[in-house]
Amino acid sequence: MQDAAEPFLRIEGVSKTFGSFQAVRNVSLSVGKGEIFSLLGGSGCGKTTLLRMLAGFEEPSAGRIFLDGRDMAGVPAWERPVHMMFQSYAIFPHMSVEKNIAYGLKHEALTKAEKADRTREMLELVQLVPFAARKPHQISGGQRQRVALARALARQPKLLLLDEPLAALDKKLREQTQFELMSIQARTGVTFIVVTHDQEEAMTLSDRIAVMDKGEVKQIGSPTEIYEFPASRFVADFIGSINAFDAAVLGVEAGLLRLSVPALGTEVLARGQSGVAEGSKVTLAIRPEKLRLSMEKPADGNAVQGKVRDLAYFGKDSLYRIALPSGVLVQAHAVNARRGDEGARVADWDDEVWLAFDATSAIVLVE
Amino acid sequence: MGRISQWFDRRGFAAMLIGLPYLWLLALFLLPFLIVVAMSLATKTPTAPPFSFGGDHPWVNGQAYVRVLTDGLYLRAFLTSVGNAGVAMMLCLLLGYPMALGLTRVSKSWRNILLMLVILPFWTSFLLRVYAWMGLMGKNSWFNGLLTDGWNLLVPMDWAVKSIPMMNSNFAVVLVMVYTYLPFMILPLYASLERLDPVLDEAAMDLGSRPWQVFRDVTLPQSVPGIIAGGMLVFIPAAGELVIPSLVGDASSPMIGRLISDEFSSARDWPMASAVAVVLLVLMVGPTMLYSHYQARAEGTK
Ligand SMILES: Nc1ncnc2c1ncn2[C@@H]1O[C@H](COP(=O)(O)OP(=O)(O)O)[C@@H](O)[C@H]1O
Ligand SMILES: [Mg+2]
């Protein structure tokens, strides 16, 4: 059965077991053509293993993988229209940069001139033309990374798998390369699946992200969705920082949930969530930048009072740590919009302040 | 303590460490070699030692070299040596490469056991092993019998033989040399194959290469240093081999080691023996130096 809505890549209930250890558990996801899709998760959560199953180096213990409507089961790595950029780059040390990039073209039915053209095009794409004749040990780490990228792109794969493409680069180069990757993806139109453990990288690069933990996919969504609507406490914690409190549901009011939050010492209203019953125990989560800081009590809405315990000034914004009467510490980000000799900060150490937040930016997590 | 470490830190110590191998080479290779060169230019005399300078040839005597280069006996011996050693080297490579590759693909514990097995033959006397082969190849051995039966079964009636004449032939020399020198091929090959990154194989496979293409494009070119090291470790001693050809070889077409030995002992022609030895060394060292020269040049321009 293949209808028009068949996604480009469909992973269906894929698991991988090594001996008694389950590295990937029942992963199902779809990736659209031309998308940059990230697999985000801590070290050892099975990202590379999932990627290796897509490339054909490991057979899934269970589940199926469809690429462009074709079942990939039993298709060897060398026949898959999928190329991988390895975490260690895996550049052939005995071949020049140019030979490395041209390697995959050996197996293409192209004339010599076409191969040379394609190689040239790739060298230009990754700006390595002056280094074409160099051996891999004569170029820098960032250049090696680009050789690996060009080599994988040269055969014009349908799907490019990138295993931690930026992890081996230093911070400055990493940021620059991030944008380079995105522009190369946009120009070539190849679907990218990027493995990363760096949430900022995933947020910047991706159209969609799958957050993984212990071999499982915890949530799939756009960076905004993952950030604004995390589905679980794990995802909320993993992406950015968050204030989380235990809460109990008191009732539903006009689509909003009324919660009793002992740590805040008050009742608050939070964004409604389907399937949350009255009396159930939940987690209330609020991003630090969603908390508004003021010296006076806000007119209405959710508000709690506390004392500034800690303050870090970053120039464009400040991070406050505020102690509530219950003893709980809350983090709040405030943008330093005002200017002046003493007006840069909203509040100072030991000031009594009010923290307010909208019901719509308060997240209720069931898990 | 302090004084010892001070002593180790001294620059002179480092220089000595570097100098030691050179000293060794100088005293135990270059000096004897120069003596041999000198002897090769002397004249044979019925004295002890059986050579002298002067006489008919007041300074040096190039007669020995003239004979080495013109007498067909020596030329044939060189060709036999190089031929036998070359065939033995190729066979060692063909047999040893899959073994070395296999060693890198098995689990760590198996690897140690198998490596042990590769060098296990060294634990018994070399001569004993050659004699064992002589027994196996002999006309009345079960081994020869088995091969003869197989041969007779496969070929037409009138080609049938009572036994295969294996002994005293170049075949026997090559067989025993391959058996003897195989570990010298396997070990350097294993050392160079073991260092290769298996991810490179995956990368090649990912780019569309089938396993045999991965071998041709990735594994083989990267193991060239191991092939050359193993090849030289087999070829050089095999070309100068004395014991194996004397025991199992064809006496009518001697190898060069046999000639040197005969000249030294039975003919007591030391200048001649020395001249043959010098030519052999030049033949062996020449290609090696050329190789390392080009190797260094290739690395310099990379
Ligand atoms: N070939 C293998 N045999 C046994 N365990 C493996 C193998 N490959 C990966 N693992 C295990 O699977 C888990 C996930 O590994 P991996 O996919 O590399 O994680 P990640 O890339 O997310 O850091 C790790 O605990 C790792 O030890
Ligand atoms: Mg990994």
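Residue numbers begin at 1 in each chain, while the letters A, B, ... track the order of the sequences. Remember, it's a predicted structure, so these values are computed and weren't measured experimentally.
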Point to revise | Residue pair B:Ser209 / A:His107: nearest heavy atoms and the distance that separates them | key: OG-NE2, 2.7 Å
Revision key, fill the gap. Ranking A:Pro76, A:Pro93, A:Ala152 by heavy-atom pairs under 4.5 Å to chain B gives rank one to A:Pro93
Check your understanding: Do other residues, nucleotides or ligands put more than 12 heavy atoms under 6.0 Å from the CZ atom of B:Arg216?
Key -> yes
Practice item. Write down the atom of A:Ile91, the atom of B:Leu200, and the distance for their closest heavy-atom approach. Key: O-CD2, 3.3 Å
Review point. So how far is it from B:Leu207 CG to A:Asn100 CG, rounded to the nearest 0.5 Å?
Key: 9.0 Å
Revision key, fill the gap. Bottom line for A:Met85: the part with an atom under 4.5 Å from chain B's heavy atoms is neither
Point to revise | Heavy-atom neighbours of A:Lys99 NZ exceed 12 at 6.0 Å | key: no
Point to revise | A:His83, part contacting chain B, at a heavy-atom distance under 4.5 Å | key: both
Practice item. Between chain B and each of A:Gly104, A:Pro157, A:Ala154, count heavy-atom pairs under 4.5 Å; write down the option with the most. Key: A:Gly104
Point to revise | CA sep, side-chain torsions, deciding dist, call: B:Asp217, A:Lys106, salt bridge (charged side-chain N to carboxylate O under 4.0 Å, His left out) | key: CA-CA 11 Å; B:Asp217 298 339; A:Lys106 263 188 168 184; 3.0 Å; yes
Check your understanding: From B:Glu202 CD over to A:Trp78 CH2, what is the distance, rounded to the nearest 0.5 angstrom?
Key -> 12.0 Å
Check your understanding: Should B:Arg210 and A:Glu79 be marked as a side-chain contact (heavy atoms from CB on, under 4.5 Å) after you check the CA-CA gap, both sets of side-chain angles, and the distance that decides it?
Key -> CA-CA 9 Å; B:Arg210 283 149 197 283; A:Glu79 280 174 13; 3.4 Å; yes
**Study point:** Minimal non-hydrogen separation, A:Arg151 against B:Ala203, with atom names
**Key:** NH2-CB, 3.6 Å
Point to revise | From A:Phe92 atom CZ to B:Gln222 atom CD, the distance as rounded to the nearest 0.5 Å | key: 8.5 Å
Practice item. Provide the closest heavy-atom pair for A:Val82 versus B:Asp206 in the form atom of the first, atom of the second, distance. Key: O-OD1, 3.5 Å
Check your understanding: So which of B:Val218, B:Val224, B:Asp201 has the biggest tally of heavy-atom pairs under 4.5 Å with chain A?
Key -> B:Val218
